[in-house]
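Positions are given from 1 along the sequence.
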Amino acid sequence: MKNRYPLLLYSAFDTLELGIILLNQRGEIVLWNHWLERASGLSADQVAGMRLVEACPELQHSRLIQALEQALHKNLSATLSQSLNKAPFNLFRAPQQQGDMPTRMQQAIHITPLPQYNDEQFALIQIHDVTNSVMREEILQERAESLRRYAYQDELTGVPNRTFFNETLQNLWRLAGRQGSEISILIIDLDHFTRFNEQEGHLAGDQCLQKIAKALQSTLRRPEDLIARFGGDKLVVLLPYTPLIGAKNIGLRLLDVIHQLQIPYPQSPTGYVSASIGCAGSMASHELDPSYLVQEAELAVFFAKQNGRNQVRDSQVPLKNTADSSSPDSAASSTLGPPH
């Protein structure tokens with residue numbers, strides 16, 4: 001009965017749904033099961049007695065060969081995960097349907113030193129097909145990323161939404177507080193946009209918002225600057241490491257970008273869609289909530305609306321009578337085209 005055990009073991013290895021390779025101390029192949037024959041296209045007779053790197057030259061200088069040396073000479077086992085070693089062997093899965101191409105198999109590999117036999121060391125390599133698991137993980141990651149995009153992206157304009165802006169502002173405010181740096185924001189409120197929607201139609205209104213958001217996003221030069229949809233016809237720009245005077249200059253540039261788009265609106269004094277931009281800036285502080293910046297920028301937008309629209313203002317400017325809005329106020333506002 002004992003003489004039949006080796007044959008029984010070989011038969012058992014051939015029924016397993018995983019690859020089995022048995023190597024001797026010289027790295028020569030002693031066993032190569034049927035599963036590997038199907039996946040590699042190499043028969044057991046072809047590879048018997050060959051060194052593993054001769055049968056599988058793709059393994060030369062690989063992490064697997066290093067782990068195998070450790071198993072044969074230092075009696076150390078090893079596991080090679082699919083995340084770091086996706087496909088060490090050239091193994092392929094059979095096509096699922098006629099006409100499909102074979103797909104490269106993703107692999108998880110275990111290398112185990114075996115007890116010495118006749119004073120010779122052996123090592124067992126087990127190869128698991130984890131392609132389905134990898135594919136499921138990729139699908140889940142794609143879905144998670146899609147959900148994250150939907151959670152943080154404005155569907156109409158494609159820029160981040162208010163939720164993302166609020167979270168980013170909170171995070172940057174804490175960071176700026178530790179660094180002792182300034183943060184500014186701009187709120188961009190399109191002038192008479194409700195009336196524009198009523199007269200030109202909601203489709204035209206949507207297209208208007210999309211064009212402006214895209215143009216303003218491409219105008220921001222620093223990767224850390226963020227534009228988001230604040231709601232309705234409002235956009236907001238977050239400018240880390242930027243003092244108020246710098247934010248005003250950026251606001252003027254954005255105002256000019258909107259003017260250059262020349263989106264027709266006959267009811268506007270300029271003949272085109274314009275915007276009122278409110279600026280606010282502050283040194284970040286742990287004692288101050290960043291919502292303060294939003295309140296100050298909204299107040300600045302109110303000042304801009306009350307003083308003729310189509311201009312950039314900050315909240316420190318005393319409210320003037322609309323009739324006086326044509327007088328220059330270079331320290332606090334700038335206009336493009338005649339005021340309303």
With a 3.5 Å cut-off and no angle check, do the side chains of [X] and [Y] form a donor-acceptor pair?
X      : Y      : answer
Asn197 : Thr194 : no
Gln311 : Arg309 : no
Glu296 : Ser315 : yes
Asn33  : Glu37  : no
Asp129 : Thr131 : yes

Check for me, please, whether [X] and [Y] land in the same ILVMFWY cluster - side-chain distances under 4.5 Å, paths through other members count.
X      : Y      : result
Leu22  : Ile127 : no
Ile125 : Leu16  : no
Leu244 : Ile250 : no
Leu124 : Val47  : no
Leu68  : Ile20  : no

[X] versus [Y], closest heavy-atom pair with distance:
X      : Y      : result
Leu59  : Pro88  : CD2-O, 3.2 Å
Trp32  : Ala44  : O-CB, 3.5 Å
Ile111 : Ala71  : CG2-CB, 3.7 Å
Gln46  : Met50  : O-SD, 3.2 Å
Val257 : Ala215 : CG1-CB, 3.7 Å
Thr157 : Asp154 : OG1-OD2, 2.6 Å

task = Go through the steps to decide whether Leu140 and Glu137 satisfy the test side-chain contact (heavy atoms from CB on, under 4.5 Å), and finish with yes or no.
result = CA-CA 5 Å; Leu140 289 174; Glu137 185 176 343; 5.7 Å; no
key: Ring centers of Phe196, Tyr265 separated by less than 6.0 Å   =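 Distance test on ring centres: under 6.0 Å, yes.
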Any donor-acceptor pair under 3.5 Å linking the side chain of [X] with the backbone of [Y]?
X      : Y      : answer
Ser282 : Ala284 : no
Arg104 : Ala87  : yes
Arg38  : Gly41  : no
Gln121 : Leu114 : yes
Gln107 : Phe89  : yes
Asp189 : Ser276 : no
Asn307 : Phe303 : yes
Ser268 : Pro266 : no
Trp173 : Leu288 : yes
Glu182 : Tyr241 : no

request  = Could you check if a side-chain atom of Phe230 sits within less than 4.5 angstrom of a side-chain atom of Leu235, using non-hydrogen atoms only?
outcome  = no
ask   = Under 4.5 Å between any side-chain heavy atoms of Lys234 and Ile188, yes or no?
value = no
ask   = Gln106 and Met135: side-chain contact (heavy atoms from CB on, under 4.5 Å), yes or no, with the steps?
value = CA-CA 9 Å; Gln106 304 300 305; Met135 290 175 63; over 6 Å; no
key: Residues Ser40, Asn90; criterion side-chain contact (heavy atoms from CB on, under 4.5 Å); working and verdict   = CA-CA 6 Å; Ser40 69; Asn90 282 334; over 6 Å; no
inquiry  = Would you compute the distance between atom CG of Leu254 and atom CD1 of Ile227 and round it to the nearest 0.5 angstrom?
reply    = 7.0 Å
request  = List the steps, then state whether salt bridge (Lys or Arg N to Asp or Glu O under 4.0 Å) holds for Arg253 with Asp256.
outcome  = CA-CA 5 Å; Arg253 191 164 73 240; Asp256 187 51; over 6 Å; no
